[in-house]
Amino acid sequence: MSNSDGRDVMLAEVLEGLSKPQKTLPSKYFYDEKGSKLFDDITHLEEYYPTRTEWKILKSSVHEIGEYLGEDVLLIEPGSGSSAKTRVLLDNLNSICCYIPIDISGDYLQNVGEKLRSEYPKIQILPLQADYTQPFNLPRSSPDARKIVFFPGSTIGNFKIETVNRFLKVISEIAGEDGAFLIGVDLKKDKDIMEAAYNDSKGVTAAFNKNILQHINNVLNSDFDVSRFEHKALWNAGKSRIEMHLVCLQDHDVKVNGTTISFKKGESIHTENSHKYSVEDFRKVVSPWFEVKKVWTDDEELFSVQYLEPN
């Protein structure tokens with residue numbers, strides 16, 4: 001996709017989301033270069049349990065995970081970011097012959113790819129800039145390797161159910177009959193733990209949430225004043241998800257590529273969902289495409305890493 005095509009898609013999606021009664025923005029637009037770095041900062045916060053818990057599970061279970069993945073592995077990671085967790089697999093599994101990190105932020109991905117090539121000279125590193133929520137073509141690589149899609153971080157929790165279904169279909173087609181899916185899934189737990197993870201005391205998550213407006217300003221020549229919005233994250237028990245919003249602090253208008261969007265004090269832009277699952281709930285969600293073969297959790301059962309094979 002060219003830069004102009006990407007801009008046109010972004011403009012259409014932003015205007016569509018901001019024209020709804022409950023204004024929304026696609027969460028994928030968090031991730032320009034600054035947003036990707038801010039999210040890396042979030043993963044190191046004391047309140048943000050998912051990253052360190054998943055990391056612990058991966059480190060303690062990596063050799064058993066390797067047994068499930070098998071030999072001659074082509075590792076594919078949609079939404080790879082800094083590839084931090086992937087290093088647990090790259091460092092410990094000699095079976096990985098090729099790694100394809102996929103991210104929407106091209107500049108950030110290029111820098112990560114160059115670093116990975118220097119760190120892992122024996123592994124073919126093939127970065128791919130793409131929107132992984134849509135069908136995409138993999139670069140040519142090892143044709144006989146087993147395709148393993150790695151999707152850590154419980155990012156699947158950010159998707160609406162219709163997007164989950166579309167995404168799982170895409171992943172099953174990529175993995176093929178002989179491939180597999182290794183995924184991080186955040187589990188249901190105490191509300192206070194979950195809300196604290198998205199309302200950190202240092203305000204990093206707030207900066208990350210607000211950066212989506214700055215990203216839109218930079219790409220679409222819009223004039224969002226970030227100071228007129230406040231970050232808010234809350235638990236929606238009925239929908240089993242954390243919701244992130246940007247709440248408008250005063251009446252004002254914003255221009256997006258010449259289109260005027262009016263905001264009223266107190267209304268919000270819904271920027272992200274983070275659905276939480278029980279193990280059984282998630283098994284049912286993936287059942288049309290995958291069978292859950294193995295689940296690893298931490299001692300407190302805050303988080304899970306799950307190995308799935310296509311039906």
Side-chain angles (χ1 to χ4, degrees), residues 27 30-31 34-66 68-69 75 77-93 96 99 101 103 108 112 115-116 119-120 148-159 181-209 211 231 233-235 240-244 272-279 282 294-307:
S27 59
F30 284 134
Y31 298 100
K34 181 179 179 182
S36 296
K37 289 178 179 177
L38 281 168
F39 184 74
D40 283 345
D41 291 342
I42 288 171
T43 64
H44 294 94
L45 294 170
E46 181 180 352
E47 297 98 331
Y48 195 76
Y49 65 85
T51 299
R52 63 173 178 270
T53 307
E54 184 177 30
W55 211 309
K56 182 179 178 181
I57 295 168
L58 287 169
K59 286 184 175 180
S60 63
S61 307
V62 66
H63 296 298
E64 187 178 7
I65 290 171
Y68 277 87
L69 302 189
L75 192 66
E77 184 180 359
S80 54
S82 66
S83 300
K85 292 171 194 164
T86 318
R87 286 174 167 81
V88 178
L89 304 182
L90 299 177
D91 288 341
N92 291 282
L93 302 181
I96 299 173
Y99 172 50
D103 206 272
Y108 188 77
V112 171
K115 187 174 182 181
L116 288 169
E119 292 178 12
Y120 302 99
I148 305 293
V149 180
F150 181 45
F151 199 53
S154 197
T155 306
I156 198 165
N158 301 144
F159 298 163
F181 191 20
L182 185 67
I183 181 170
V185 181
D186 201 2
L187 301 178
K188 292 180 181 177
K189 62 190 71 66
D190 182 84
K191 170 188 171 182
D192 291 342
I193 295 174
M194 292 186 291
E195 287 193 337
Y198 297 85
N199 291 288
D200 66 276
S201 58
K202 293 183 178 180
V204 182
T205 309
F208 172 72
N209 197 8
N211 183 66
H231 163 76
L234 50 87
W235 172 245
S240 193
R241 70 191 189 191
I242 289 284
E243 295 182 357
M244 289 220 309
E272 187 177 49
N273 294 315
S274 294
H275 291 85
K276 313 302 177 185
Y277 295 94
S278 68
V279 171
F282 191 71
K294 178 67 178 179
V295 178
W296 295 273
T297 68
D298 58 292
D299 292 341
E300 297 177 78
E301 297 189 347
L302 299 175
F303 200 92
S304 68
V305 174
Q306 306 194 24
Y307 171 81

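The shown structure was predicted, so the numbers you read here are calculated from the model rather than taken from an experiment. These values consider heavy atoms only, across backbone and side chains, with no hydrogens, waters or symmetry-generated copies.
At least one donor-acceptor pair under 3.5 Å links the side chain of Asn158 to the backbone N or O of Asn273. Without hydrogens or angle criteria, Tyr307 side chain to Tyr68 main chain gives a donor-acceptor distance under 3.5 Å. Of the possible polar contacts, none joining the Thr53 side chain to the Pro50 backbone as a donor-acceptor pair under 3.5 Å is found. Checking side-chain atoms of Glu272 against main-chain N and O of Met244 turns up no donor-acceptor pair under 3.5 Å. Judged by distance alone, with hydrogens and angles left aside, the side-chain atoms of Asn199 form a donor-acceptor pair with the main-chain N or O of Glu195 at under 3.5 Å. Within the 3.5 Å criterion, the main-chain N or O of His231 finds no donor-acceptor partner in the side chain of Asn209.
Residues Leu93 and Gly66 come closest through the heavy atom pair CD2-CA, 3.7 Å. Scanning both residues, Ser83 and Val112, for their nearest heavy atoms gives OG-CG1, 3.9 Å. Nearest heavy-atom pair, Asn92 versus Val88, reported as atom, atom and distance to 0.1 Å: ND2-O, 2.7 Å. In this structure, Leu90 and Leu116 approach most closely via the heavy-atom pair CD1-CD2, 4.3 Å.
With hydrogens and angles left out, the side-chain atoms of Glu64 and Trp296 include a donor and acceptor closer than 3.5 Å. Side-chain polar atoms of Tyr99 and Ser80 form no donor-acceptor pair below 3.5 angstrom.
To the nearest 0.5 Å, atoms OG (Ser201) and CG (Leu45) are separated by 7.5 Å. Going from atom CG of Asn211 over to atom NZ of Lys37 covers 11.5 Å, rounded to the nearest 0.5 Å. To the nearest 0.5 angstrom, Glu47 atom CD is 12.5 Å from Tyr198 atom OH. Rounded to the nearest 0.5 Å, atoms CG (Asp41) and OH (Tyr48) are 12.5 Å apart. In this structure, the separation between CG on Leu69 and CG on Leu75 is 7.5 Å, given to the nearest 0.5 Å. Between atom OG of residue Ser61 and atom NZ of residue Lys294 there is a gap of 8.0 Å, rounded to the nearest 0.5 Å.
Within the 4.5 Å cutoff, the side chain of Glu54 has heavy atoms near those of the Val305 side chain. In this structure, the side chains of Tyr31 and Tyr108 stay at 4.5 Å or more apart for every pair of heavy atoms. At a threshold of 4.5 Å between non-hydrogen side-chain atoms, the residues Ser274 and Glu243 do not count as touching. Two residues are said to be in side-chain contact when any heavy atoms from C-beta on lie closer than 4.5 Å; Trp55 and Lys85 meet this criterion. Using a 4.5 Å heavy-atom threshold, the side chains of Phe282 and Ile156 count as touching. Using a 4.5 Å cut-off on side-chain heavy atoms (C-beta onward), Phe150 and Pro78 make no contact.
With respect to the salt-bridge test (charged N to carboxylate O, under 4.0 angstrom), the residues Lys202 and Glu46 do not qualify.
In this pair, Phe208 and Phe39 present their aromatic rings tilted. The plane angle is within the 30 to 60° band.
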Inset, instruction - Carefully, step by step, assess Ile65 and Leu182 under the rule side chain to side chain contact (heavy atoms under 4.5 Å, CB included). - result: CA-CA 9 Å; Ile65 290 171; Leu182 185 67; 3.8 Å; yes
Legend entry - Candidate pair Phe303 and Thr297, rule side chain to side chain contact (heavy atoms under 4.5 Å, CB included), full reasoning: CA-CA 6 Å; Phe303 200 92; Thr297 68; over 6 Å; no
Inset, instruction - Would you check, one step at a time, whether the test side chain to side chain contact (heavy atoms under 4.5 Å, CB included) holds for Phe159 with His275? - result: CA-CA 8 Å; Phe159 298 163; His275 291 85; over 6 Å; no
Which atom pairs, donor and acceptor, lie under 3.5 Å between side-chain atoms of residues 183-191 and protein residues at least two apart or in another chain?
from	atom 1	to	atom 2	distance (Å)
Asp186	OD1	Tyr49	OH	3.2
Asp186	OD1	Lys189	NZ	2.8
Asp186	OD2	Tyr49	OH	2.7
Asp186	OD2	Lys276	NZ	2.7
Lys188	NZ	Asp281	OD2	3.1
Lys189	NZ	Tyr49	OH	2.8
Lys189	NZ	Leu187	O	2.3
Lys189	NZ	Leu302	O	3.2
Asp190	OD2	Asp192	N	3.0

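The one candidate from Thr86, Asp91, Ile148, Leu89 that meets the side-chain contact (heavy atoms from CB on, under 4.5 Å) condition with Ile96 is Leu89.
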